[in-house]
Amino acid sequence: MEYMFKYDVYGKINKNTIEILELVPKKRKYRIKLDAKDVSSAKTFISLLNQGTTSYNLKNILGKNSTINNIFKFLQEKNLLAKYFGDDHPNDPFARQIEMLDSFNRSSIPTLKLQKILNQKRILIIGAGGVGTALSNTLNACGIGHIFIIDADTIEHTNLSRQFLYNRDDIGKSKIKILSQKLNQRGLGKVTGINSMMKLSNYQSILKEIGKIDLITGMPFPFSNSLYNLYKGILSLGYPIYAIGEHDAGPIFHKIVELDKMTKSIISSYPVTDLLNQRRDEPSLHDRHPSFLPEIQISASLASAEIIKYFTQVSSMTTQNAMYSLHSDNYTVSLVKL
């Protein structure tokens, strides 16, 4: 099989018109008028591309009809035909993901190169708790080349229901040691654990020791003053940050001015944020941390998809200047513009 419409691209004949429906990365519809003499060949042509065909079968039509040949060139120019088939790469663990990248790819960049771009990226995830575990699991599975995870905590019983890569035999052991060990066993990308806590007093030395980093994530939106200052320090060094919490994902920050603007936007839209800031900055009697794995998984999946878009550019980021907000009562997601 050498020629086929990309996934989520569909063709049909409606009387004397070819209709091509494109669902991703944007919804588009193309209509191509046909002369009566070309309708029969067009039906065969579209049927072949819907189901998949070989170059031999396609040549029999293209060589006999110049109109169909021109339509074929149009489809190629619009990048509506698949350029990668997972069945041809049975030993590639990323084969189905590459098919997804191919379905979104409307650029001249070869689809295989998009996966290689991910394989070359280096990400730092701050925290190996619920969010960090889910993020590292998903991004490693997507083929991020080198993931650094920083955390100084040990595994506790209360972690097991949310931080799914740990088990009872791991109680008392270093989170980053167990997490990196289990992810490295997959052989999909390198994972390095850093036994420390990222703080204002050490973030510069930690980042210097790691070296090149393409993106930092794992930290929630900087509602609290302490987290805001850490964000500000990291951004001043030129590292982009993608925010993620247990109930939200995004935005991505590149500059301190974006941090100031978006923080003010959130506080003005959601006044209760001030109370949240106070609670996070002031010590409390109990270390309460209500947390539910299904919510974390949703947020981590949304964030990971946005990070893949950011690196490959197969589609525009939805949270470039916005935040996904998860509603815990019904698990719907809203997009909050910032």
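Values in this document were obtained by computation on a predicted structure and should not be read as measured data.
A distance-only check finds no donor-acceptor pair linking the side chain of R106 to the backbone of S315 [under 3.5 Å]. Without hydrogens or angle criteria, N105 side chain to I109 main chain gives a donor-acceptor distance under 3.5 Å. Side chain of E258 to backbone of H254: a donor-acceptor contact under 3.5 angstrom is found. Without hydrogens or angle criteria, D35 side chain to K37 main chain gives no donor-acceptor distance under 3.5 Å. The closest donor-acceptor contact from the side chain of N202 to the backbone of K199 lies under 3.5 Å. At least one donor-acceptor pair under 3.5 Å links the side chain of N50 to the backbone N or O of G11. Put simply, the side chain of D151 never gets that close to the backbone of G127: no donor and acceptor are under 3.5 Å apart. Y231 places a side-chain N or O within donor-acceptor distance of the main-chain N or O of M219, the cut-off being under 3.5 Å. Here the side chain of K29 pairs no donor or acceptor atom with the backbone of I20 at under 3.5 angstrom. Listed for the N65 side chain is a donor-acceptor partner under 3.5 Å among the backbone atoms of I68.
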query = Does the pair S325 and D248 meet the rule for a side chain to side chain donor-acceptor pair (under 3.5 Å), with working shown?
reply = CA-CA 5 Å; S325 179; D248 49 82; over 6 Å; no
inquiry  = Show, in sequence, the C-alpha distance, side-chain angles and deciding distance for H247 and S299, and conclude whether the side chain to side chain donor-acceptor pair (under 3.5 Å) test is met.
reply    = CA-CA 6 Å; H247 308 94; S299 295; over 6 Å; no
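Note on E295 versus R162: no salt bridge recorded, every NZ/NE/NH1/NH2 to OD/OE distance being 4.0 Å or above. With respect to E99 and R96, a salt bridge is recorded, a charged nitrogen being found less than 4.0 Å from a carboxylate O. The existence of a salt bridge linking E306 and K309 is confirmed by a sub-4.0 Å separation between a basic side-chain nitrogen and an acidic carboxylate oxygen. Salt-bridge annotation for D170 and K182: present, with a side-chain N of the basic residue lying under 4.0 Å from a carboxylate O of the acidic one.
Contact record, L227 with F221: CD2-O, 3.9 Å, taken as the closest heavy-atom pair. Here the closest heavy-atom approach between residue N140 and residue G189 is recorded as ND2-O, 3.6 Å. Closest non-hydrogen pair, G143 versus N119, comes out as O-ND2, 2.8 Å. Closest approach of A322 and L335 over heavy atoms only: CB-CD1, 3.7 Å.
Counting heavy atoms from C-beta outward, I171 and Y166 have side chains that stay 4.5 Å or more apart. Looking only at side-chain heavy atoms (C-beta outward), I61 and L48 come within less than 4.5 Å of each other. Between R122 and I144, the closest side-chain pair of non-hydrogen atoms is not below 4.5 Å. Side-chain contact between T312 and L118 is present, with heavy atoms from C-beta onward closer than 4.5 Å.
Ring centroid separation for the pair H89 and F94 does not come in under the 6.0 Å cut-off. Outside the 6.0 Å centre-distance limit, the rings of Y242 and F253 are not counted as a close aromatic pair.
The only option from T332, L302, I298 that meets the side chain to side chain contact (heavy atoms under 4.5 Å, CB included) definition with L326 turns out to be I298.
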